[in-house]
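Contents: one structure, followed by commentary.
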Amino acid sequence: MKKKITGNFSILLLAGAILPLVLIWLVYANASASLNQFAFRPYTAEEQSDLQLTFKSRNFGAPGKYSLMELVDAERGYFAVKGVNAGDTWKVMEEEGNVLLATGISSPISQSGPYLFDRNGEGGSYVDLNAMKVVETAYKNLVIHGSGEYMTGKLSDMNLEKRYVIQTMDREILYQGDEKAVLTSDYGFAILNGKDSGRAMNLVTGEILYETESGWLLKDRQDGIWIAVQANEKSWEEDIMYLMDDSFQTMLDGRKFRRSLVIAGNYICGDLLQKEDDYTAAAFLRDGTCLLEDGSTMMYLDGDYFGYIGYTNRYELLAVNLQQLKGGE
């Protein structure tokens, strides 16, 4: 009898220990299912399109109310809208049409991460969509990098020698000087252009990586390719450009482009300069392989790496699939 009681008691103790664990697991499983049902995920392009159509039908139904609309946060259903009257500024609205913030920006807007700013580079303030407020700065010509981590600007005091600034969005100053600061398309790099030469800067380390020869500035770094541009005080003249790899070695045997240049994946396209006033559409691979070079002009790429070439007759366009040409991928 003693053994039976002891055995039953042991079973009760074991059951008492397991039961809370089972209950915890059930609660966790239900919570997980609930969380997974509503877990954050990016909206698909179709869902964003549906969201925009719904918003537009609700809020653009009255003629003359709004002229422009931008979806600025798909997950929270935030839109930026602009009225039709002169002087109207952008407002941030919820999907239901409630106004959350008047931005004070009347020019076209750009978005970098959760930030909105004046696309024309004329403003000195920006909109923080997370805090839902307008942030004033001491700068003009404010630009925020596409990553949403860096900004550049020019201090408005004309008497300051070191007017150009690069800083993080947390207000850490990374550069302040008299060379014009430009954030490159590629993350983590900047360009410091003087009057007659340009320097490449690593924003993470602060190191100056390269300085151009006299007469050349730097324009951008795209997909690991640096674009050098001829220094030119005549704003109406078209840019003359050449390319350097990530080690600042000249690419494409030093060939130069004029007017247009597009870098996309393994392809480089643009108007190749032949002589002073003669240029032709051309397409290359990064390794220098020439895919196309003919007598037309204005070559550029779309998302599927088709090259569009505009002939002298502006109504005639030719589409060339670069992936089907020799060496294409």
Side-chain angles (χ1 to χ4, degrees), residues 42-43 48 51-52 55 59 66-95 97-158 160 162-193 201 203-204 206 219-222:
Y43 273 39
Q48 290 195 31
L51 184 63
Q52 291 184 77
F55 179 83
N59 301 289
Y66 300 112
S67 60
L68 297 171
M69 174 191 77
E70 299 281 350
L71 176 62
V72 295
D73 190 326
E75 299 309 316
R76 290 182 285 189
Y78 292 169
F79 290 82
V81 299
K82 188 173 184 290
V84 298
N85 300 316
D88 281 350
T89 61
W90 289 88
K91 298 177 181 178
V92 180
M93 297 174 63
E94 291 181 299
E95 179 185 351
N98 302 317
V99 176
L100 299 175
L101 183 70
T103 69
I105 301 173
S106 58
S107 300
I109 56 172
S110 286
Q111 180 170 9
S112 295
Y115 307 110
L116 307 178
F117 60 98
D118 185 334
R119 183 182 302 170
N120 294 337
E122 296 174 356
S125 62
Y126 63 90
V127 176
D128 184 337
L129 292 173
N130 287 335
M132 197 52 67
K133 66 179 182 179
V134 177
V135 181
E136 301 290 342
T137 74
Y139 310 133
K140 59 181 182 178
N141 306 124
L142 178 72
V143 175
I144 300 175
H145 188 262
S147 65
E149 292 192 28
Y150 303 107
M151 71 164 69
T152 60
K154 182 167 62 172
L155 291 165
S156 55
D157 188 345
M158 295 290 291
L160 292 174
K162 297 182 177 181
R163 296 179 61 204
Y164 296 98
V165 178
I166 303 175
Q167 68 173 50
T168 67
M169 299 308 292
D170 295 328
R171 302 300 179 96
E172 178 188 356
I173 301 294
L174 302 177
Y175 165 81
Q176 185 167 351
D178 57 1
E179 295 168 296
K180 184 177 181 180
V182 179
L183 296 171
T184 67
S185 298
D186 287 350
Y187 174 81
F189 298 91
I191 289 166
L192 309 176
N193 279 329
M201 178 183 179
L203 289 176
V204 177
K219 186 171 185 177
D220 200 2
R221 182 186 192 269
Q222 298 178 19

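Not measured: the values here are computed from a predicted model. All values below were derived from every heavy atom in this structure, side-chain atoms included, with hydrogens, water molecules and symmetry-related copies excluded.
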Are T152 and V182 close enough, and set up right, to give a side-chain contact (heavy atoms from CB on, under 4.5 Å), and what steps lead you there?
CA-CA 7 Å; T152 60; V182 179; over 6 Å; no
I want to check something: taking the side chain as every heavy atom from C-beta on, are [X] and [Y] in contact at a cut-off of under 4.5 Å?
X    : Y    : result
D118 : L142 : no
Q176 : L155 : yes
F79  : E70  : no
L71  : Q111 : no
L203 : T168 : no

Shortest non-hydrogen contact from [X] toward [Y]:
X    : Y    : value
S67  : G83  : OG-O, 2.9 Å
M169 : G148 : CG-O, 3.3 Å
A102 : K91  : CA-CG, 4.3 Å
K82  : D88  : CE-O, 3.3 Å

Using side chain to side chain donor-acceptor pair (under 3.5 Å) as the criterion, list what pairs up with Q167, not counting sequence neighbours.
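Partners of Q167 under the side chain to side chain donor-acceptor pair (under 3.5 Å) test: Y139.
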Under the side chain to side chain donor-acceptor pair (under 3.5 Å) test, which residues partner S147, sequence neighbours left out?
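Partners of S147 by the side chain to side chain donor-acceptor pair (under 3.5 Å) criterion, ordered by chain and then number, come out as H145.
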Using the side-chain contact (heavy atoms from CB on, under 4.5 Å) rule, pick out the option among V72, V127, I105 that qualifies with W90.
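Option passing the side-chain contact (heavy atoms from CB on, under 4.5 Å) with W90: I105.
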Give me each pair satisfying ring pair (Phe, Tyr, Trp, His ring centres under 6.0 Å) with a member in residues 106-129, each pair once, sequence neighbours excluded.
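Qualifying pairs, neighbours excluded: Y115-Y126.
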Name each donor-acceptor pair under 3.5 Å that joins a side chain in residues 129-136 to protein atoms two or more places apart or in another chain, with its distance.
unit_1 : atom_1 : unit_2 : atom_2 : d
N130   : OD1    : R76    : NH2    : 2.9

To the closest 0.5 Å, what do you measure between [atom1] ([X]) and [atom2] ([Y])?
X    : Y    : atom1 : atom2 : value
L101 : M93  : CG    : CE    : 12.5 Å
R163 : K140 : CZ    : NZ    : 5.5 Å
N120 : I109 : CG    : CD1   : 11.5 Å
E149 : L183 : CD    : CG    : 11.5 Å
Q48  : E75  : CD    : CD    : 7.5 Å
F189 : Q222 : CZ    : CD    : 13.5 Å

Under the rule for side chain to side chain contact (heavy atoms under 4.5 Å, CB included), what residues qualify as partners of N193, not counting sequence neighbours?
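With neighbours one apart ignored, the set is I191, L217, L218.
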Taking side chain to side chain contact (heavy atoms under 4.5 Å, CB included) as the definition, give me every residue that meets it alongside T89, ordered by chain and number, with sequence neighbours left out.
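Scan of T89 (side chain to side chain contact (heavy atoms under 4.5 Å, CB included), adjacent residues dropped) gives S106.
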Look at the side chain of D220 and the backbone N and O of S185, then say whether any donor-acceptor pair between them is shorter than 3.5 Å.
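Yes, the answer is positive, given that a donor and an acceptor are paired below the 3.5 Å cut-off.
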